[in-house]
Amino acid sequence: MKTETTSFEEIAAREEEFQLATYKKFPFAPVRGEGSWVETSEGERFLDLYGGHAVCATGHCHPHVVAALREQAGRLLFYSNVVYSDVRAAAAEKLVECAPAEIKKAFFCNSGTEANENAMRMARMKTGRERIITFTGGFHGRTADSISATFLGKYRDIGRPNVPGHLCAEFGSIESIAMLADETVAAVMLEPIQSMAGVRLAPPEFYQDLRRLCDERGILLIFDEVQTGIGRTGSWFFAGSEAAGGVVPDVITLAKALGSGVPVGACLTTEAVASSIKENDLGTTFGGGMLAMAAVVATLEAIEADGMLENASAVEAFLRESLAAVPNVAGVHGRGLLLGIELAEAVAAKVNKALLERRIITGTSSDPRVLRLLPPLCVTTEEAGLFVEALKEICA
Ligand SMILES: Cc1ncc(COP(=O)(O)O)c(C=O)c1O
């Protein structure tokens with residue numbers, strides 16, 4: 001395969017000819033990456049504060065992850081859940097150890113949407129009820145049940161005809177949930193920080209009230225931590241954190257950062273929920289495969305060994321302080337390295353483009369005022385400083 005010498009124009013033309021055009025793309029084609037940087041075939045380097053779409057939390061090509069994948073690929077690429085596996089056992093154990101104490105079991109799948117589908121199924125199995133409450137502004141994926149649970153912009157319509165039994169409450173309003181949460185409801189599912197909606201966070205009391213309400217009414221609580229999980233907010237999970245008011249849900253769903261770029265999703269749950277799941281209730285051919293499991297173990301080890309949780313909080317503090325002095329920045333939302341930078345006007349797309357011209361990759365959101373940062377958790381304050389300086393220039 002030609003990549004090193006192929007020009008961007010050639011790569012783009014070829015991809016457009018042979019791949020469905022389902023994404024609006026950045027105008028460059030990275031061919032290699034290291035830490036917070038990616039490089040194109042033409043030798044241009046970009047600072048990646050979008051973290052490969054919130055996936056590359058350990059940075060691009062973390063040496064420990066690459067070495068673990070090489071070793072595993074040479075030993076055993078794949079066998080499904082019909083066999084026991086040393087590396088699957090290690091991944092499940094390590095993930096459960098990183099999670100709040102109430103979480104005891106892991107189920108592995110392949111993506112975020114699949115993790116959410118399985119979490120909703122687990123809730124229906126545990127409660128014998130069918131309906132699911134999710135929230136305005138939440139995004140949960142694009143397969144049938146997950147897209148039906150997504151009340152953000154146009155997504156739900158793309159998934160028509162939707163799966164029945166999905167109810168929508170107002171994010172942050174316990175009253176709106178209380179009105180819907182009757183004896184037909186199996187679960188309340190939420191992105192504890194709504195990322196695509198513009199990095200929206202509720203006060204800790206909201207999560208505490210929600211936990212209480214779910215307990216009173218026999219409803220399971222599911223945190224979709226596809227974006228917030230695996231260190232993104234400066235702790236392993238949003239669940240159990242101070243920002244969550246210490247609340248631990250019944251199920252946590254994960255994907256994105258979990259495998260450093262190797263596709264893998266997971267549901268983490270309590271003993272009480274796990275005990276109602278029987279053989280053959282859930283399944284997937286690829287979930288829990290050896291290569292993905294090696295990626296999970298190495299990702300968790302790399303985050304731990306390099307102190308990335310502490311780094312996420314330190315870089316967050318640096319960004320909050322430096323951005324306070326940038327004209328036209330109206331606020332910084334989120335936790336750790338899931339940050340929404342609210343601009344004084346609805347110009348996030350323009351600023352995103354201007355940053356890209358300076359070779360800095362950021363994300364936008366469904367709020368036209370909010371620029372999103374989801375950098376690798378190993379990003380340095382010096383690298384974050386390059387962004388602050390560029391933003392100052394653009395805002396001036
Ligand atoms: C919060 C959240 N949940 C679920 C998903 C779906 O994950 P995937 O694209 O891996 O199916 C996403 C993807 O962006 C997400 O951000």
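Every number for a ligand or one of its atoms is a count from 1 in the order of the listing.
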Mind listing the side-chain donor-acceptor pairs of residues 344-351 below 3.5 Å, one per line with the distance, residues two or more places apart or on another chain?
none

Is Glu17 salt-bridged to Arg14, cutoff N-O under 4.0 Å?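 Salt bridge flag = no for Arg14 with Glu17.
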
Basic-acidic side-chain contact under 4.0 Å: Lys154, Asp157: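 No, Lys154 and Asp157 are not salt-bridged.
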
So which protein residues pack against ligand 1 under 4.0 Å, heavy atoms counted?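 Those residues closer than 4.0 Å to ligand 1 by some heavy atom are Ser111, Gly112, Thr113, Asn116, Phe139, His140, Gly141, Glu191, Asp224, Val226, Gln227, Lys256.
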
Centroid separation under 6.0 Å, is that true for the rings of Phe238 and Tyr207?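 Aromatic pair counts; centres sit under 6.0 Å.
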
Which Ile, Leu, Val, Met, Phe, Trp or Tyr residues join Ile158 in one cluster when any pair of side-chain heavy atoms under 4.5 Å counts as a link?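 Cluster partners of Ile158: Phe139, Ile147, Leu152, Tyr155, Met196.
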
My understanding is that only residues two or more places apart in sequence, or in another chain, count here; which of them pass side chain to side chain donor-acceptor pair (under 3.5 Å) with Arg212?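 Residues passing side chain to side chain donor-acceptor pair (under 3.5 Å) with Arg212: Asp209.
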
